[in-house]
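Worksheet for the structure shown next.
Position 1 is the first residue of the sequence, and the numbers go up from there. Note: hydrogens, waters and symmetry copies are ignored here, and every other heavy atom, side chains too, is used.
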Amino acid sequence: MSENVVRLVKTPPTSDAPDVSPTVLTVVPDAPPASLVPLWVRSGRAVKTAVTHENTKSAARAVARHSLYTFNGGRIVARRTWDGKTGARYERMIRAAEAAGNLEAAEEWEERLQRFRAARHHRRMDLLHSPVEAAKGVGVGAAMSVGVLVALGVVLAINNHNIRDVITPLKATIEFIATLIRIVQLVWPTAVVLGPLFALLGLWAVGSKQQAAPQWALPANVRNGEGEPITPSIVVKALRDLGVPALRNAIKEMGDAGASMLGPITLAGCGVEVDVQLPSGVATNEVQQRRRKLAENLTRHEHEVFITIPEAARTVRLWIADSGALDEPIGPSPLVTDETMTANYKTGKAPWGQDLRGDAAELSAYQRHLLITGRSNQGKTVALRSLALWLALDKSVEFWIADLKGVGDWKPFEGIARVLIEGPSDEHVIEATEMVEDAVAEMNRRIELRRTDPASTFPPLIVLVDEAQKAFMCPAKDDAKRPYGGAKATSRYFMAVREIHNQGRAVDVLMWQGTQDPTDQNLPKLVREGAHTRASLVLGSESQAKMALGDKAVEDGAAPHMLRQGLDRGTLVVASDGIDMPKGQSSITVRTHFIDDEPAEAIAARAKALRSGVTTLHAIDRGEARDPLTDIDAVAGDGKRAFTQDIIKRLAALSEDAYGAWSFGDLSRVLESYGIEAYKSHGRMVVRRDDITAARTERDTDGSASAS
């Protein structure tokens, strides 16, 4: 046997070939063959893979689910049958009413139970006599039937002249009965087989409808809480597991009748709504404070469950959204889609958005001051602007607007608004303050006209300040050292807004404001409580929510602080009598329509077409600058005292533009800012001449000292 030789060193090259160094080859032995995995190990791995495969798990869950549907469906049918035949249902209702502390309902159910027992006893007593009566009835019925058949046979025999026809009807009847028996004999074996199958199918249908299977056996979408329908049992279980001992114990005492706390579960927009009458010893705020836990018990996110307090005592109203429904946008505004839409300040309502029920949310602006607040970049300006765009379609409405953000959001109102101030600086705040003060003067003029002529009417004037917190926080002061901002009686902006809130609606001068995160500094209490319509977007805390909407609205369930930053942009919680809301509620959640800049321009163009040309002022024209204290000193005269009415008349004669609209309040405000007090002498208000001179001297001296 020959052997193959492998040379590890190649033969040296010949002399004619070029010199090449020898190549060394290294022989690497083959790896030893892997040890064979035992058959039992491979079989075990295969079995484990097959058993733990997702398809196997799904199949096992399906088998268990449908088997339990049938078994538990039988239990449900048996329970229903038992309830129908006995007084168990009434007894459960009595226990539930007693646990809820509703003794009247307990007495009513007890009366029903007594009537049921009396009727059942009457039926059972009737059964004692029914066999004899049934036997008599069968005998009489059979005799009458035979008699009728024989009589019919006699008629046939007479007609056919054949005596045998007397028994023909009786014979036909016997043959018909025999045929029915043969049919039953043929069908019976199949019925014996199919009957139980149909019965099992019926039990399965009952169990499937009730989802009568453990959680692990249910389909994935139900097991994960996606699209799970809200049923009475789910609501009761969620309330039971809420962590309120009194509520849990009451539900346990009610047994399966815990659903007696619930009103009808009704469809409401993209969700359902149900009223829950809490048992005695459970306060409504105990449920409100556990909103997140309740939502998770209902397999929902916190923002998908809303809890409000209706008029009924000890009752909470739950609105439960379909999973993910609130993340879907609502449709476009009717202002955009309907180019023929018009507005009416007095009788119309602005199409603002949709409530949670999916119904149109419309707001009346008639004689209502408005305040919208919320965090930055959540849709405050868009919500405020959409209302103004609708109202602009009423050509009788006049707008004075100050946009203290100044980025062009209110540019569409160029040619609609009489005044449009845009900018964030202190100078713009000063102009906005003077604009509001001019509105106060216009309001006072209208009030004077109304006094002389009660039938006087005036076109609506909307005084709108966006980003109003800048006005309240402005540190600038005027020549009389009065601050433009602040929340004191010396603040010019604060006092002007307060005056409009106090008397403006009577003559249709309305104040609309939009502001960011409310505090006592950037939104004083007296100002926020003067608004008839208060709305809020996302806020950071419950205390801010109370500032925005009022204590009652928040205590009754309003929760703008529960909205999601960025995700619930444009969602408002509104407290107003100008919007329709369910009876007993003090607030409503509205998802507002988003109107972008381009559609806003188109709507504004339609509003401009209704008007006969409006020149928009971008600054307050004050004419010649005047010094009120100097002018008062000049017209006060040489006497020791000067009558205030005389001073006002002389100031008006001195400068009609500056002082023509002045009242005693305007004069008193200027005098008080310098420490001068008017008083009554011989029935008329007067001011001391020396006080005016001293105040002017002191001011001028302080000014010279500060200048030096």
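- Around atom NE2 of His301, no more than 12 heavy atoms belonging to other residues, nucleotides or ligands sit under 6.0 Å away.
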Exercise for the section: Would you sort out whether Arg375 and Gln565 count as a side chain to side chain donor-acceptor pair (under 3.5 Å), showing the intermediate values? Expected result: CA-CA 8 Å; Arg375 285 183 171 178; Gln565 176 83 15; 3.3 Å; yes
Practice task
Could you check Ser673 against Arg669 for side chain to side chain donor-acceptor pair (under 3.5 Å), going step by step and ending with a plain yes or no?
Solution key: CA-CA 6 Å; Ser673 66; Arg669 218 170 17 247; over 6 Å; no
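- Between Trp400 and Val436 there is no side-chain heavy-atom pair separated by less than 4.5 Å.
- Checked for salt-bridge contact, Glu442 and Arg446 meet the test: a charged N lies under 4.0 Å from a carboxylate O.
- Shown here for Arg534 and Ala548, the closest heavy-atom pair between the two residues is NE-O, 3.0 Å.
- Using a cutoff of 4.0 Å between basic side-chain nitrogens and carboxylate oxygens, Asp568 and Arg591 are not scored as salt-bridged.
- Residues Gln277 and Leu262 form no side-chain contact, since every pair of their non-hydrogen atoms from C-beta on lies 4.5 Å or further apart.
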Exercise for the section: I would like to know whether Tyr345 and Asp508 meet side chain to side chain donor-acceptor pair (under 3.5 Å); could you show each step before the answer? Expected result: CA-CA 10 Å; Tyr345 162 75; Asp508 291 308; 2.7 Å; yes
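- Side chain to side chain, Gln469 and Glu467 meet the donor-acceptor criterion of an N or O pair below 3.5 Å.
- Residue Leu267 places its CG atom among 12 or fewer non-hydrogen atoms of other residues, nucleotides or ligands, all under 6.0 Å distant.
- When atom types are taken as modelled, the side chain of Gln367 and the backbone of Arg505 share a donor-acceptor pair closer than 3.5 angstrom.
- If you take CD on Glu362 and CD1 on Ile579, they are separated by 9.0 Å, rounding to the nearest 0.5 Å.
- Cation-pi check for Arg498 over Tyr493 is not met; the charged atom does not lie both under 6.0 angstrom from the ring centroid and within 45 degrees of its normal.
- Applying the salt bridge (Lys or Arg N to Asp or Glu O under 4.0 Å) test to Lys608 and every residue at least two apart in sequence or in another chain returns nothing.
- Residue Glu601 holds its CD atom at 9.5 Å from CG of Leu389, rounded to the nearest 0.5 Å.
- We find that Asp438 and Arg445 are not joined by a salt bridge, their nearest charged nitrogen and carboxylate oxygen being 4.0 Å or further apart.
- Between His501 and His369, the two ring planes are tilted [angle within 30° to 60°].
- For Asp466, the side-chain hydrogen bond (donor to acceptor under 3.5 Å, both in side chains) partners two or more places apart in sequence, or in a different chain, are Thr381, Trp410.
- With no hydrogens or angles considered, no side-chain donor-acceptor pair links Asp275 and Thr315 at under 3.5 Å.
- Expressed to the nearest 0.5 Å, how far CG of Leu239 lies from CD1 of Ile234 amounts to 12.0 Å.
- Side-chain atoms of Arg385 do not come within 3.5 Å of backbone N or O of Ala383 as any donor-acceptor pair.
- Surrounding CZ of Arg292 are at most 12 heavy atoms belonging to other residues, nucleotides or ligands under 6.0 Å away.
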Problem - Derivation and outcome, side chain to side chain donor-acceptor pair (under 3.5 Å), residues Thr284 and Gln288 - result: CA-CA 6 Å; Thr284 55; Gln288 280 184 302; 4.8 Å; no
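- The OG atom of Ser386 sits 11.5 Å away from the CG atom of Leu391 when rounded to the nearest 0.5 Å.
- Between Met261 and Pro279, some side-chain heavy-atom pair lies under the 4.5 Å cut-off.
- Considering only heavy atoms from C-beta on, Pro460 stays 4.5 Å or farther from Lys346 through its side chain.
- Residue pairs that meet the salt bridge (charged side-chain N to carboxylate O under 4.0 Å, His left out) test with at least one member in residues 469-478, sequence neighbours left out, are Asp478-Arg492.
- Rounding to the nearest 0.5 Å places OG of Ser364 at 6.5 Å from NZ of Lys349.
- Shown here for Leu371 and Ala531, the closest heavy-atom pair between the two residues is CB-CB, 3.7 Å.
- With a 4.5 Å cut-off on side-chain heavy atoms, Leu464 and Gln513 do not count as touching.
- A 6.0 Å sphere centred on CG of Asp479 holds no more than 12 heavy atoms belonging to other residues, nucleotides or ligands.
- Side chain to side chain, Glu672 and Ser668 meet the donor-acceptor criterion of an N or O pair below 3.5 Å.
- Under a 4.0 Å N-O distance rule, the pair Glu529/Lys525 qualifies as a salt bridge.
- At a threshold of 4.0 Å, the pair Lys411-Glu422 counts as salt-bridged, since one of the basic side-chain nitrogens sits closer than that to a carboxylate oxygen.
- Atom CH2 of Trp512 sits about 9.5 Å away from atom CD1 of Ile401, to the nearest 0.5 Å.
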